[in-house]
Amino acid sequence: MAYDIKSVFYLDASTTVTKDTAGGGSAQLDLSAYIDPIARGRQKGTGLAVYKTHYSIVNSEDSNEVATKVTDEGVLAMSLQAGLGIGDNATGTITTASSDAFATSNQLLVSAGNFYSPGSAATATPVVASYLEPSKDVPYIIVRDNVCLVYNVSNEKKFTSTSLLSVRLECAIVTLDQATLNQLLRTQTV
């Protein structure tokens with residue numbers, strides 16, 4: 001299960017963050033082509049090992065802006081959650097199921113962070129503050145058939161421009177012994 005340039009590939013998901021709107025939204029990425037949690041005879045089950053995640057937020061209204069506008073004050077929490085299965089939802093249409101949805105104690109959390117637009121930060125530059133990530137040495141192994149990019153926009157600091165939130169996953173398909181597979185299936189339940 002070592003990080004190997006021959007077996008690592010990229011997957012990505014994106015969602016639109018609606019301007020002037022607070023609340024949560026999501027985008028679901030179907031992983032069923034990469035995961036088979038059922039061992040058949042001598043063939044072992046497979047999971048998707050996520051080694052790294054990379055987030056970006058860009059202004060999608062003005063082609064002259066490379067990132068969010070300098071005057072934008074939007075703030076949001078963002079995460080990638082395994083097996084959540086909530087589908088694609090526009091900004092403000094979902095609420096997080098519990099207060100720990102973005103907490104590191106959430107076992108479905110593959111990675112998470114906060115984004116601060118230039119107008120909200122003291123430095124007037126956008127800041128992505130990642131607080132949970134998998135690693136090349138200890139990947140997060142997904143054994144459910146989906147992963148959701150989930151975000152929540154601050155009530156006090158909404159975005160003044162429509163923006164595109166994206167995540168890229170560095171991942172590989174890995175084979176799993178039955179004991180490991182069973183443990184992962186138990187922990188990755190909603």
Side-chain angles (χ1 to χ4, degrees), residues 1 8-18 21-40 43-57 76-115 128 130-135 138-154 162-190:
M1 186 167 47
V8 172
F9 59 94
Y10 295 108
L11 292 174
D12 61 83
S14 298
T15 186
T16 300
V17 179
T18 310
T21 308
S26 65
Q28 183 167 305
L29 180 61
D30 180 11
L31 301 177
S32 58
Y34 308 101
I35 293 170
D36 186 1
I38 300 169
R40 292 176 180 84
Q43 184 180 8
K44 294 183 176 184
T46 58
L48 186 71
V50 179
Y51 294 98
K52 296 184 96 183
T53 56
H54 309 276
Y55 290 94
S56 69
I57 299 180
L76 62 76
M78 58 195 170
S79 69
L80 197 59
Q81 298 188 33
L84 196 56
I86 59 174
D88 298 337
N89 295 281
T91 309
T93 60
I94 63 170
T95 56
T96 52
S98 64
S99 59
D100 68 346
F102 293 94
T104 57
S105 59
N106 179 351
Q107 295 199 23
L108 299 178
L109 219 51
V110 177
S111 65
N114 295 313
F115 175 78
V128 174
S130 179
Y131 60 85
L132 178 68
E133 287 190 26
S135 71
V138 185
Y140 186 101
I141 301 174
I142 301 173
V143 292
R144 296 298 179 183
D145 66 355
N146 70 79
V147 67
C148 290
L149 173 60
V150 181
Y151 65 95
N152 194 34
V153 177
S154 165
T162 299
S163 299
L164 183 69
L165 169 62
S166 300
V167 64
R168 175 181 276 185
L169 295 71
E170 289 182 27
C171 46
I173 298 171
V174 294
T175 56
L176 303 166
D177 61 59
Q178 195 61 47
T180 304
L181 187 56
N182 289 341
Q183 176 62 29
L184 290 170
L185 286 168
R186 279 191 297 274
T187 59
Q188 290 180 22
T189 56
V190 180

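All figures in this text were calculated on a predicted structure; none of them were measured in a lab.
Going from atom CG of N146 over to atom CD of Q28 covers 4.0 Å, rounded to the nearest 0.5 Å. Between the CG atom of L164 and the OG atom of S166 there is a distance of 4.0 Å, given to the nearest 0.5 Å. The distance from the CG atom of L48 to the OG atom of S32 is 11.5 Å, given to the nearest 0.5 Å. To the nearest 0.5 Å, the span separating OG1 on T187 from CG on L108 amounts to 8.0 Å. Atoms CD and OG1, from Q43 and T175 in turn, are 10.0 Å apart once rounded to the nearest 0.5 Å. Here F115 contributes atom CZ and S163 contributes atom OG; the two are 7.0 Å apart, rounded to the nearest 0.5 Å.
Residue A49 comes nearest to V174 through the heavy atom pair CB-CG1, 3.8 Å, listed as atom of the first residue, atom of the second, then distance. Of all the heavy atoms in N106 and Q81, the pair that sits closest is ND2-OE1, 3.5 Å. The two residues A27 and D88 have their closest heavy-atom pair at CA-OD1, 3.3 Å. Closest of all the heavy-atom pairs between T16 and Y151 is O-OH, 3.1 Å. The minimum heavy-atom distance between L109 and A103, with the atom names listed, is CD2-O, 3.1 Å. Considering every non-hydrogen atom in both C148 and G87, the closest pair reads SG-N, 4.3 Å.
For the pair Y51 and P139, the minimum side-chain heavy-atom distance is below 4.5 Å. Between L31 and L11 the shortest side-chain heavy-atom distance falls below 4.5 Å. Inter-residue side-chain proximity for F102 and N114 is flagged as unmet; no heavy-atom pair is nearer than 4.5 Å. Looking at heavy atoms from C-beta onward, F9 lies in side-chain contact with Y34 at the 4.5 angstrom threshold. Side-chain contact check for L76 versus I57: some heavy-atom pair is nearer than 4.5 Å. In this structure, T21 and V153 have side chains that are not in contact, with every pair of non-hydrogen atoms separated by 4.5 Å or more. For the pair Y140/Q188, a side-chain contact is recorded, criterion being any heavy-atom separation below 4.5 Å from C-beta on. Residues L169 and K52 form no side-chain contact, since every pair of their non-hydrogen atoms from C-beta on lies 4.5 Å or further apart.
Of the options T91, N89, N152, a side chain to side chain donor-acceptor pair (under 3.5 Å) to S26 is made by N89 and by none of the others.
A donor and an acceptor atom, one from each side chain of T46 and D36, are nowhere located under 3.5 Å apart. Between the side chains of T53 and S111, at least one donor-acceptor pair of N or O atoms lies under 3.5 Å.
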Residue pair I35, I142: steps toward the side-chain contact (heavy atoms from CB on, under 4.5 Å) verdict: CA-CA 8 Å; I35 293 170; I142 301 173; 3.9 Å; yes
Check against side-chain contact (heavy atoms from CB on, under 4.5 Å), L185 and R144: CA-CA 8 Å; L185 286 168; R144 296 298 179 183; 3.9 Å; yes
